[in-house]
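Below is one structure, written out as structure tokens; the observations come after it.
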Amino acid sequence: QVQLAESGGGLVQAGGSLRLSCTVSGGTSSPSAMAWFRQAPGKEREFVATRRWDGVYLDYAYSVKGRFTLFKANSWKTVHLQMNNLKREDTTVYYCAAGVVATRTSEDYNVWGQGTQVTVSS
């Protein structure tokens, strides 16, 4: 029912910023929880950030805390991941996910976008 579509990835120099967007479509109501994960080739998916749809609960991975912000405009069915002070180690594919509980575990999410590539250069 629910479908997710990511956008906003691209190439940026170290220290720069990008804003990823995840648009929710379908379904009869908004998901209870949204999250962003990232996955490099040959590695498991890594937790980045999560939030309840209502924003009451927020959680960030230590590696991105203070640099990334997960937020939603009040009247839009779109979740954004604002990424500032990007580092080369942030280079990978970023995935949006939806589920019923905001957790750090990828297996807890049942709806996924197709991913958007983020590349940080020197």
For K87, what residues pass the side-chain contact (heavy atoms from CB on, under 4.5 Å) criterion, not counting sequence neighbours?
R67, E89, D90

Should the heavy atoms of other residues, nucleotides or ligands under 6.0 Å from CD of Q114 be counted, would the total exceed 12?
no

Would you find a donor on one side and an acceptor on the other, under 3.5 Å apart, between the side chain of E46 and the backbone of Q39?
no

Would you compute the distance between atom CZ of R38 and atom OH of Y95 and round it to the nearest 0.5 angstrom?
13.5 Å

Restricting to salt bridge (charged side-chain N to carboxylate O under 4.0 Å, His left out), what partner residues turn up for D108, sequence neighbours left out?
none

Derivation and outcome, side chain to side chain contact (heavy atoms under 4.5 Å, CB included), residues Q13 and L86:
CA-CA 8 Å; Q13 292 186 355; L86 283 162; over 6 Å; no

Could you check whether any side-chain N or O of T105 sits under 3.5 Å from a backbone N or O of E107, counting only pairs where one atom can act as donor and the other as acceptor?
no

Looking at every non-hydrogen atom in both residues, tell me the closest pair between A102 and A33 and how far apart they are.
N-CB, 3.4 Å

Of all pairs that satisfy disulfide bond (SG atoms under 2.5 Å apart), the ones with a partner from residues 47-86, not counting sequence neighbours:
none

When you look at CD of Q3, are more than 12 heavy atoms from neighbouring residues, nucleotides or ligands closer to it than 6.0 Å?
no

Between V93 and L4, is there a shared hydrophobic cluster once you connect ILVMFWY residues whose side-chain heavy atoms come closer than 4.5 Å?
no

Indicate the atoms forming the closest heavy-atom contact of V2 with G27, along with that distance.
CG2-CA, 4.0 Å

Kindly compute the distance separating CH2 (W53) from OG (S32), expressed to the nearest 0.5 Å.
10.5 Å

Side chains of R88 and S122: is there a donor and an acceptor less than 3.5 Å apart?
yes

Excluding sequence neighbours, so at least two apart, what forms side-chain contact (heavy atoms from CB on, under 4.5 Å) with V118?
L18, L20, M83, Y94, V120

Please walk me through it: do L70 and W36 pass side chain to side chain contact (heavy atoms under 4.5 Å, CB included)?
CA-CA 9 Å; L70 182 58; W36 285 92; 3.4 Å; yes

Mind telling me whether W112 and F37 have parallel, tilted or perpendicular rings, with 30° and 60° as the class edges?
tilted

With distance as the sole test, does E6 use its side chain to make a donor-acceptor pair with the main-chain N or O of C22 at under 3.5 Å?
no

Are V100 and Y109 packed together at the side-chain level, in the sense that at least one heavy-atom pair is separated by less than 4.5 angstrom?
no

Lys/Arg cation over aromatic Y57: R51, 6.0 Å, 45° cone
no

Taking only residues two or more places apart in sequence, or in another chain, which ones meet S21 in a side-chain contact (heavy atoms from CB on, under 4.5 Å)?
S7, T78, H80

Would M34 end up clustered with V111 when hydrophobic side chains under 4.5 Å apart are linked, directly or stepwise?
yes

Please determine whether residues L81 and V64 belong to a single hydrophobic cluster, defined as Ile, Leu, Val, Met, Phe, Trp and Tyr linked transitively by side-chain heavy-atom distances below 4.5 Å.
yes

Give a yes or no answer on whether the side chain of T119 reaches the backbone of L11 with a donor-acceptor pair at less than 3.5 Å.
no

Closest heavy-atom contact between N84 and S17?
OD1-OG, 2.9 Å

side-chain contact (heavy atoms from CB on, under 4.5 Å) partners for A40, two or more places apart:
K43, T92

With the threshold set at 4.0 Å, does a side-chain nitrogen-carboxylate oxygen contact exist between D59 and R104?
yes

CZ/F71 to CG/L58 distance, rounded to the nearest 0.5 angstrom?
12.0 Å

Any chance the rings of Y60 and F47 have centres within less than 6.0 Å?
no

